[in-house]
There are 2 protein chains.
Amino acid sequence: MSAPHTGRRGSYAKGLAKREEILTRALDVISHEGYAGASVKAIAEAVGLSQAGLLHYFDSKEELFTEVLRKRDEVDALSRASGPDEPSLGRMRAEFIALVRHNTDVPGLVQLFSRLAADATDPAHPAHEFFLDRSARLREVLGAAVARAQGDGRLRDGIEPATLARMVQALADGMQLQWLVDPTVDMIGPVEALFALLEPPPPGEPDADQRSGATEA
Amino acid sequence: MSAPHTGRRGSYAKGLAKREEILTRALDVISHEGYAGASVKAIAEAVGLSQAGLLHYFDSKEELFTEVLRKRDEVDALSRASGPDEPSLGRMRAEFIALVRHNTDVPGLVQLFSRLAADATDPAHPAHEFFLDRSARLREVLGAAVARAQGDGRLRDGIEPATLARMVQALADGMQLQWLVDPTVDMIGPVEALFALLEPPPPGEPDADQRSGATEA
DNA sequence: GTCTATACTCGGATAGAC
DNA sequence: GTCTATCCGAGTATAGAC
């Protein structure tokens with residue numbers, strides 16, 4: 001109970017630095033070599049420590065993995081403060097898609113995320129707050145951009161921004177699952193399709209005629 | 001290796017019957033009393049057996065839980081053959097929504113599903129095939145209904161039926177996660193919103209005017 | 001302050017008695 | 001067919017070497 005653990009305390013920088021080093025390394029390993037129900041021991045070895053040695057820096061397996069995900073967000077700068085405070089929907093859309101595309105390269109991380117997200121569903125789970133906060137933040141940014149776009153008429157009207165934000169998030173999470181089960185599926189198409197669906201109808205031309213040949217019924 | 005296990009073999013009906021009884025009971029318990037990282041032992045007790053006694057009927061914990069989910073599908077008749085072979089999209093939509101609504105009453109099952117789905121993402125997981133099949137089946141039915149509806153002009157055009165099917169499924173799965181994390185969220189709204197988005201634009205009247213007051217930017 | 005060794009606990013799996 | 005007993009592996013806690 002006196003160790004650097006949470007990073008909140010003590011630790012004359014060495015501890016913190018080491019912790020960061022571990023996280024970076026773990027992130028790297030999981031990203032590239034995958035996460036197959038990775039045990040603490042497996043990560044410890046990949047990082048060059050014993051199991052107990054690794055756990056010296058983290059309270060538990062759950063905390064470790066949560067911090068790995070937090071580190072990932074940091075790196076990906078999902079909650080990136082870069083650019084304007086209130087990015088346009090177009091920009092959000094582009095960034096969101098880019099992120100989904102990027103995830104394609106790090107299946108291990110995506111799996112870790114999905115697994116932990118499902119487990120952290122339980123309010124007693126140490127990562128519960130993390131996911132609660134993280135997803136609320138995402139929806140906030142998304143929702144705000146949507147509201148502004150609706151105000152400008154750049155976005156189909158009649159759906160609550162908050163609902164829309166949930167939809168985008170849910171769709172992306174769901175597509176991750178589908179992609180993990182079968183890596184040949186395209187995570188991006190459906191996400192882009194949703195955004196496309198949201199574009200306002202061109203205000204004058206009914207678009208009920210560009211019928212594709214996709215229907216064979 | 002000689003037990004009734006998979007139901008494929010042996011089992012002078014007693015074994016099978018008992019197995020079904022166990023599944024029904026387990027389904028009931030998980031549905032109503034929830035699934036909090038339920039152990040085999042917990043289920044065994046709920047069913048009135050010892051841990052080993054329960055495992056006599058199933059190869060492993062994973063197999064047990066997979067079968068519980070299979071039983072659930074059976075009961076919910078998700079892949080219900082009732083009614084016409086090729087239900088209309090409207091009917092599919094109504095049934096789908098009803099199912100989502102029903103899930104609201106069985107959080108334990110939803111959690112079990114979400115957890116196992118994430119775990120079964122790994123090709124080596126015993127439930128991998130189950131989820132692969134199950135979700136392919138759902139998308140098939142959904143996709144077919146979509147294709148027919150598009151053919152009739154009852155559905156917005158320009159999206160592949162297969163893509164649309166994935167979207168609906170992903171959205172629903174993602175909303176389950178959001179609802180599990182925070183049971184006050186509405187799983188249904190976003191799903192209905194997606195279906196609404198798919199309705200074809202009224203062919204003549206541009207609908208860019210029913211602006212709501214939801215935007216404060 | 002950092003880490004290894006070790007020991008404890010718990011859940012799932014398996015063998016064998018009844 | 002069901003139990004008891006046992007095993008095993010993973011996660012966790014602690015003592016103490018360095």
Side-chain angles (χ1 to χ4, degrees), chain A residues 1-23 25-26 30 35-68 112 115-116 119-120 122 124-127, chain B residues 1-7 9-23 25-26 29-30 35-68 112 115-116 119-120 122 124-127:
Chain A
M1 300 293 169
S2 63
H5 283 319
T6 61
R8 277 176 233 127
R9 249 244 317 299
S11 59
Y12 300 93
K14 176 68 192 302
L16 268 191
K18 180 79 181 190
R19 206 178 126 105
E20 289 304 298
E21 186 197 320
I22 290 171
L23 287 177
R25 183 97 186 79
I30 294 172
Y35 167 91
S39 62
V40 172
K41 185 144 167 275
I43 301 251
E45 275 158 16
V47 163
L49 255 65
S50 72
Q51 194 246 34
L54 175 53
L55 253 352
H56 175 69
Y57 293 94
F58 301 90
D59 285 332
S60 68
K61 172 187 184 169
E62 264 85 29
E63 208 229 342
L64 165 61
F65 284 130
T66 306
E67 292 309 312
V68 168
L112 172 56
R115 286 253 231 152
L116 209 55
D119 289 350
D122 183 339
H125 193 285
Chain B
M1 299 289 172
S2 64
H5 283 320
T6 61
R9 250 243 318 298
S11 61
Y12 300 93
K14 174 70 191 302
L16 268 191
K18 181 79 180 190
R19 207 178 126 106
E20 289 305 298
E21 186 197 319
I22 290 172
L23 286 177
R25 184 96 186 81
V29 172
I30 294 172
Y35 167 92
S39 62
V40 171
K41 183 144 166 276
I43 301 248
E45 274 158 17
V47 162
L49 255 63
S50 71
Q51 190 247 39
L54 175 54
L55 253 353
H56 175 69
Y57 293 94
F58 302 90
D59 285 334
S60 68
K61 173 188 180 164
E62 264 85 28
E63 208 228 343
L64 165 62
F65 283 130
T66 306
E67 293 309 312
V68 168
L112 172 57
R115 286 254 231 152
L116 209 55
D119 289 351
D122 182 340
H125 193 284

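Lettering of chains follows the sequences in order, A, B, ..., and the numbering in each one begins at 1.
- Residue A/Lys18 places at least one side-chain N or O under 4.0 Å from the OP1 or OP2 atom of C/dC3.
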- Passes side chain to side chain contact (heavy atoms under 4.5 Å, CB included), A/Leu23 versus A/Phe58? Steps please. CA-CA 10 Å; A/Leu23 287 177; A/Phe58 301 90; 3.7 Å; yes
- Message: Show, in sequence, the C-alpha distance, side-chain angles and deciding distance for B/Arg115 and B/Phe65, and conclude whether the side chain to side chain contact (heavy atoms under 4.5 Å, CB included) test is met.
- Response: CA-CA 11 Å; B/Arg115 286 254 231 152; B/Phe65 283 130; over 6 Å; no
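- Atom CG in B/Leu54 sits about 13 Å away from atom C1' in C/dG11, given to the nearest Å.
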- Determine, stepwise, if the pair A/Leu64 / A/Asp59 fulfils side chain to side chain contact (heavy atoms under 4.5 Å, CB included). CA-CA 7 Å; A/Leu64 165 61; A/Asp59 285 332; over 6 Å; no
- Task: Treat primed atoms plus P, OP1 and OP2 as sugar-phosphate and everything else as base, then score nucleotides 13-18 of chain C 5' to 3': B for base contact with protein heavy atoms under 4.0 Å, S for sugar-phosphate contact only, - for none.
- Result: BB----
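- Between the side chain of B/Glu21 and the backbone N or O of B/Ala17 there is no donor-acceptor pair closer than 3.5 Å.
- Applying the 4.0 Å criterion to OP1 and OP2 of C/dG11, one finds that B/Ser39 has every side-chain N and O outside that range.
- Under the rule for a side-chain contact (heavy atoms from CB on, under 4.5 Å), the partners of B/Ala127 that lie at least two apart in sequence or sit in another chain are B/Thr66, B/Leu116, B/Ala120, B/His125, B/Phe131.
- Atom CG in A/Leu49 sits roughly 5 Å away from atom P in C/dC3 (whole-Å rounding).
- Distance, B/Lys41 NZ to D/dA5 C1': 14 Å, rounded to whole Å.
- Closest approach of A/Ile43 to A/Ala26, counting heavy atoms only: CG2-CB, 4.0 Å.
- C/dT2 atom P lies 10 Å from atom CG of A/Leu16, rounded to whole Å.
- Atom CD in A/Glu21 sits roughly 15 Å away from atom C1' in C/dG1 (whole-Å rounding).
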